[in-house]
Amino acid sequence: MATVGKVIKCKAAVAWEANKPLVIEEIEVDVPHANEIRIKIIATGVCHTDLYHLFEGKHKDGFPVVLGHEGAGIVESVGPGVTEFQPGEKVIPLFISQCGECRFCQSPKTNQCVKGWANDSHDVMSPKETRFTCKGQKVLQFLGTSTFSQYTVVNQIAVAKIDPSAPLDTVCLLGCGVCTGFGAAVNTAKVEPGSTCAVFGLGAVGLAAVMGCHSAGAKRIIAVDLNPDKFEKAKVFGATDFVNPNDHSEPISQVLSKMTNGGVDFSLECVGNVGVMRNALESCLKGWGVSVLVGWTDLHDVATRPIQLIAGRTWKGSLFGGFKGKDGVPKMVKAYLDKKVKLDEFITHRMPLESVNDSIDLMKHGKCIRTVLSLE
Ligand code: NAD
Ligand code: ZN
């Protein structure tokens, strides 16, 4: 191909600073170095974690950056030492790597690879090293991926090869939101058949958690959101009860406790708010209730009274739904192709990369589930 071995100039949405609209720029994408893969991104979802970095986390060392971490594309070229991937193959870049060799990769208990970006820069949310420049300046790669760019370069330990028949403009959602929520229910909470569950926050992550609870055989799934527009969609994924905390004067944990004779078996926080994290825990039944933190925030401590845990509740967290990316993502793609998990139902909007700021506004105002941006 004409681009192999050369720096590629392409379009990307650059976040020059926090709280400002992204700017479509021409950036330079370097050739893949040893063990790296250059990917032509075809489509990307917009996830709340992109908005978190732009509007909430705002770490000063985290800009300028190309956001986006929920993409899918095609291998354009590979660097020295890459044997596992060939140009033309369909892939999903992973924001959580799987080197296969570290003690975490060798354990079935976790997906926390030691080589991931989060090990040294979870607050900045981008590794120091990047293959992007724009106007002579280094531009960071968000979560090591940067899918709001027509091309990106990722280490081969952070790429999943997927079924060649997979539609990239849909399976991109498996790069983050859907695997995150689904896996949080199935892998982390380990939802049991016949159980009662509560999911707080009904964005793509929360709806995927609802889908996970449903597929694990939960009997009752209580969907909780401040935005009642989300309830109709939650029904599609298997929710059975709908609660808007604004409709109640008492704490939501008491509302759920009354609805369920003492509390739910499993709860999942998919908002990213420490107050909601506490409510989710305290909505669980004593004795065996399990609550999982999925929403992302690093600004405040979480708190509860010790008796909540002493009484037998378990508080856990989940990154990327506990999936080891290289193993888990291709299986989820297959599950979609076999009609065992839904993806199309999450997509409420499609637009070109140029409209990225509109997609951010939609999410900010609770008007979408997922927008898929096309980069072609
Ligand atoms: P989203 O903005 O689409 O959805 C969030 C939902 O929460 C909205 O429907 C909103 O109305 C609702 N909400 C807000 N405040 C609430 C409250 N007090 N009570 C109940 N509901 C409330 O976001 P998303 O893309 O679905 O992401 C959800 C969260 O998951 C974010 O914090 C994101 O950063 C995080 N996330 C975590 C991981 C991970 O690996 N742990 C991965 C992806 C996303
Ligand atoms: Zn995400």
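One-based numbering, in listed order, for ligands and for the atoms of each.
- Lys40 and Glu76 are not joined by a salt bridge, as no carboxylate oxygen comes within less than 4.0 angstrom of a charged side-chain nitrogen.
- Under 4.0 Å from ligand 1, the heavy atoms of Arg370 that appear belong solely to its side chain.
- The shortest side-chain heavy-atom distance between Thr49 and His53 does not fall under the 4.5 Å cut-off.
- With Tyr336 as the aromatic partner, Lys342 does not meet the cation-pi criteria of under 6.0 angstrom to the ring centre and within 45 degrees of the ring axis.
- The shortest N or O to N or O distance between Cys47 and ligand 1 is not below 3.5 Å.
- Under the ring pair (Phe, Tyr, Trp, His ring centres under 6.0 Å) test applied with Phe95, the options Phe142, Trp296, Phe320 reduce to a single match, Phe320.
- Contacts of Lys230 with ligand 1, taken as heavy-atom pairs under 4.0 Å, involve the side chain alone.
- Gly366 does not count as a contact of ligand 1, since none of its heavy atoms falls under 4.0 Å from the ligand.
- Listed by atom number, the atoms of ligand 1 under 4.0 Å from Leu202 heavy atoms are 6 (C), 9 (O).
- Side-chain N or O atoms of Asp265 include none that pairs as donor or acceptor with a backbone N or O of Gly289 at under 3.5 Å.
- Scanning all protein heavy atoms for the shortest distance to atom 33 (C) of ligand 1 gives Thr49 OG1, 3.4 Å.
- Among protein heavy atoms, atom 7 (O) of ligand 1 sits closest to Gly201 CA, 3.5 Å.
- Residue-level proximity to ligand 1 for Cys270 is carried by the backbone, the only part with a heavy atom below 4.0 angstrom.
- Lys334 has a carboxylate O that lies under 4.0 Å from a charged side-chain N of Asp338, or vice versa, which qualifies the two as a salt bridge.
- Inclusion of His48 in the first shell of the Zn ion (ligand 2) is not supported: no N, O or S atom falls under 2.8 Å.
- Looking at Phe323 and Ile96, their side chains never come closer than 4.5 Å, going by heavy atoms from C-beta outward.
- Per-residue contacts place Cys176 under 4.0 angstrom from the following atoms of ligand 1 (heavy atoms of the residue considered): 42 (C), 43 (C).
- Atom 38 (C) of ligand 1 has as its closest protein heavy atom Thr180 CG2, 3.5 Å.
- Atoms of ligand 1 found under 4.0 Å from any heavy atom of Ala204, numbered from 1 in the order shown, are 26 (O).
- Each of Arg220, Lys235, Lys219 was compared with Asp241 under the salt bridge (charged side-chain N to carboxylate O under 4.0 Å, His left out) criterion, and only Arg220 meets it.
- The protein non-hydrogen atom at the shortest distance from atom 14 (C) of ligand 1 is Val271 CG1, 3.6 Å.
- The structure places OG of Ser291 at 6.5 Å from CG of Leu293, a figure rounded to the nearest 0.5 Å.
- For atom 2 (O) of ligand 1, the nearest protein heavy atom (residue, atom name, distance) is His48 ND1, 2.6 Å.
- The shortest contact between atom 18 (N) of ligand 1 and any protein heavy atom is with Val276 CG2, 3.3 Å.
- Taking the centre and axis of the six-membered ring of Phe55, the NZ or CZ atom of Lys364 falls inside the cone set by 45° and 6.0 Å.
- From the protein, the heavy atom lying nearest to atom 8 (C) of ligand 1 is Asp225 OD2, 3.5 Å.
- At a 4.0 Å heavy-atom cut-off, ligand 1 touches Val205 through backbone and side chain alike.
- Gly203 CA, 3.3 Å is the protein heavy atom nearest to atom 4 (O) of ligand 1.
- Proximity of Phe200 to ligand 1, defined as any heavy-atom pair under 4.0 Å, is not found for any part of the residue.
- Atoms of ligand 1 lying under 4.0 Å from any heavy atom of Leu226, numbered from 1 in the order shown and given with element: 15 (N), 16 (C), 17 (C), 18 (N), 19 (N), 20 (C), 21 (N).
- Ranked by closest heavy atom to atom 35 (C) of ligand 1, the top entry among Trp296, Phe320, Phe323, Phe346 is Trp296.
- Close approach of ligand 1 to Asn227 is summarised as follows: ligand atoms under 4.0 Å from at least one heavy atom of the residue are 11 (O).
- With a heavy-atom cut-off of 4.0 Å, Ser318 touches ligand 1 through its backbone alone.
- For the residue pair Cys368 and His349, the shortest heavy atom distance occurs at CB-ND1, 3.5 Å.
- Between Phe346 and Phe237, the distance separating the two ring centers is shorter than 6.0 angstrom.
- Side-chain atoms of Arg350 come within 3.5 Å of backbone N or O of Asp169 as a donor-acceptor pair.
- Near Gly272, meaning under 4.0 Å from any of its heavy atoms, are these atoms of ligand 1: 32 (O).
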Evaluate salt bridge (charged side-chain N to carboxylate O under 4.0 Å, His left out) for Glu36 paired with Arg131, printing each intermediate quantity in order. CA-CA 10 Å; Glu36 293 176 350; Arg131 302 287 168 255; 2.8 Å; yes

